[in-house]
Protein chains: 2
Amino acid sequence: MTAAPESVPDAAHKAHPERRHAEGAENYAKAIYQLQADDDEPVGTGAVADRLGVTPASASAMLKRLADDNLVEHSPYRGVRLTPEGEQLALEMIRHHRLIELFLAEVLGMPWDRVHEEAEVLEHHISEELEELIATKLGQPARDPHGDPIPSRELDIEDDRTVALSDLEVGGGGVFERVSDRDPEMLRYLDSRGIRPGAAIEVRARDPFEGPIRVSVSGDEHALGTPLARRMRVSAER
Amino acid sequence: MTAAPESVPDAAHKAHPERRHAEGAENYAKAIYQLQADDDEPVGTGAVADRLGVTPASASAMLKRLADDNLVEHSPYRGVRLTPEGEQLALEMIRHHRLIELFLAEVLGMPWDRVHEEAEVLEHHISEELEELIATKLGQPARDPHGDPIPSRELDIEDDRTVALSDLEVGGGGVFERVSDRDPEMLRYLDSRGIRPGAAIEVRARDPFEGPIRVSVSGDEHALGTPLARRMRVSAER
DNA sequence: ACCAGAAGTTAGGCAAGGCTAACTTTCTGC
DNA sequence: GCAGAAAGTTAGCCTTGCCTAACTTCTGGT
Ligand SMILES: [Mn+2]
Ligand SMILES: [Mn+2]
Ligand SMILES: [Mn+2]
Ligand SMILES: [Mn+2]
């Protein structure tokens, strides 16, 4: 046996206070964070329920519990806002999620349209130690396979400087930075067209009434429907 | 889009019928499997309760539910035995567990005394697809970091041909095949002595009344307590 | 053969989360 | 400014697991 102290479990990875919250609370916190975006409007019960696929009644009950746990402030009938503690919890889960997605893609070769579903489960079940081992293995990465920023170990996250592709004028463009990871079909479609985060993209033409948007990506032209273009984010110019 | 069929989700990894059971059922099935060993005595409620750290009352209730789900046969007051379905479920979890342990150790460099705890959680949360990616990455391995055999994809498991080190006579020995993974302290101790699965081991002397066992491992002598020796398994000779 | 203690089960609770149905509050269009 | 619609909440119920306390069954020693 070495001279190492007995039963002192390393004590390293203790940046965040290791609050143990139920998986439910973690999912709600993440959903609220993502719905809150940056406009600091409170988030409605219905929006949370929709995103999590539960009834408004279930969400209402759960939000009250989150309020008791100091994860949200709840004004009945008006909505919820994350407390700083709730935001930390959300960011912790987002860090787990994105690290896992990248790890699955990079280390295990899982296709980028399938990593999301797996990460959605695993994010709640990895230890802080495993989180750290994954981050180290990946070289403390800044972005996940869909271009989304990964919060730092201290849970700082880069603020979003992108605009939706659907909001660009003809002639506008930039780097295709990120895309929603929640629709595998969509990801496979983009992949099959060779459209991936990091590519330069430019709007060539737009049709009115939500018509397709013609873009060029690395030389090729594509006509993208508005729902798709809404989920693709491009670096803000200027 | 390629000519690949739409929405047919690959259909590969479907060897086992993908029964979804609650995490509780998975843990109970695994516990019963491991208590059952090979002596096909039925397993008592108390033994299950002990191993899972719940009260006998809780185990009793749960065993009844497992019986309803056809995972065990339950004779009240006499004990339970796994059904074939229950055994498949147990082996599935054991495969997950041991693949995850090896993966964490080999790919992420997690020390062998810490992989068990992490695997204990993750085994319930990886998809069949991820299981397969891990197995492939590791080259369809046969043993985990503690020397325990990993069930095949078809859930066949090699039967145990080892004896406890504590049961060997002086002069007996063989290959140190495997060691219980449930006590991190013990694993660290063995590791610090350079005693690892695969090493040749021989009993040099024994003291009566559960006294220490003197063994030689790759040239060095060690005195091991009986509780430790009971958890170390050595290849059966002859 | 009996009976005490060990082992197992039942009864009654609790906490998380989900549901539906019914009720309340807020918002909106006239 | 008010009615009806939309949004949110409450009430009552369910499932999964766990608990303690009380009861039942089994077993081993005399
Ligand atoms: Mn994702
Ligand atoms: Mn963390
Ligand atoms: Mn499997
Ligand atoms: Mn293990």
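Numbers restart at 1 for each chain; the letters A, B, ... are given by sequence-line order, proteins then strands. Not measured: the values here are computed from a predicted model.
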**Message:** For B/L104 and B/E118: C-alpha separation, side-chain torsions, deciding distance, then whether side chain to side chain contact (heavy atoms under 4.5 Å, CB included) applies.
**Reply:** CA-CA 9 Å; B/L104 293 175; B/E118 193 89 28; 3.7 Å; yes
**Message:** Using salt bridge (charged side-chain N to carboxylate O under 4.0 Å, His left out), reason through A/R143 and A/E158 one step at a time and then give a plain yes or no.
**Reply:** CA-CA 10 Å; A/R143 300 182 166 275; A/E158 173 188 305; 2.3 Å; yes
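Straight-line distance from the CG atom of A/L66 to the C1' atom of C/dG17: 12 Å, rounded to whole Å. In this entry the distance linking CG of B/L52 with P of D/dC19 reads 10 Å, nearest Å. D/dG8 atom C1' lies 6 Å from atom OH of A/Y77, rounded to whole Å. Going from atom CZ of A/R65 over to atom C1' of D/dT9 covers 14 Å, rounded to whole Å. The interatomic distance linking B/D50 (CG) with C/dA7 (C1') rounds to 11 Å, in whole Å. Between the CE atom of B/M62 and the C1' atom of D/dT15 there is a distance of 12 Å, rounded to whole Å. Atoms CG (B/L63) and C1' (C/dT9) sit 11 Å apart, rounded to a whole Å. Per the geometry, NE2 belonging to B/H21 stands 15 Å off C1' belonging to D/dT16, to the nearest Å.
Side-chain nitrogen and oxygen atoms of A/K64 include none within less than 4.0 Å of the OP1 or OP2 phosphate oxygen of D/dG8. OP1 or OP2 of D/dC18 lies within a sub-4.0 Å distance of a side-chain N or O belonging to B/Y28. Between B/T45 and C/dT9, a side-chain N or O to OP1/OP2 separation shorter than 4.0 Å is present. Contact annotation: B/H74 reaches the phosphate of C/dT9 (side-chain N/O to OP1 or OP2, under 4.0 Å). Between A/S58 and C/dG18 there is no side-chain N or O to OP1 or OP2 distance below 4.0 Å. In this model, the phosphate group of D/dG8 is not approached by any side-chain N or O of A/R78 to a distance below 4.0 Å at OP1 or OP2.
Along DNA chain C, the nucleotide nearest A/G24 and the nucleotide nearest A/A57 are compared for position; the residue whose nucleotide lies closer to the 5' end is A/G24.
Here the rule is side-chain hydrogen bond (donor to acceptor under 3.5 Å, both in side chains) with A/H96, and of A/E101, A/H125, A/E131 only A/E131 fits it.
Here A/D167 does not pair with A/R230 in a salt bridge; the nearest charged N to carboxylate O distance is not below 4.0 Å. With salt bridges taken as basic N to acidic carboxylate O contacts below 4.0 Å, one links A/E132 and A/R153.
Counting non-hydrogen atoms under 4.0 angstrom, B/G79 reaches nothing in the nucleic acid.
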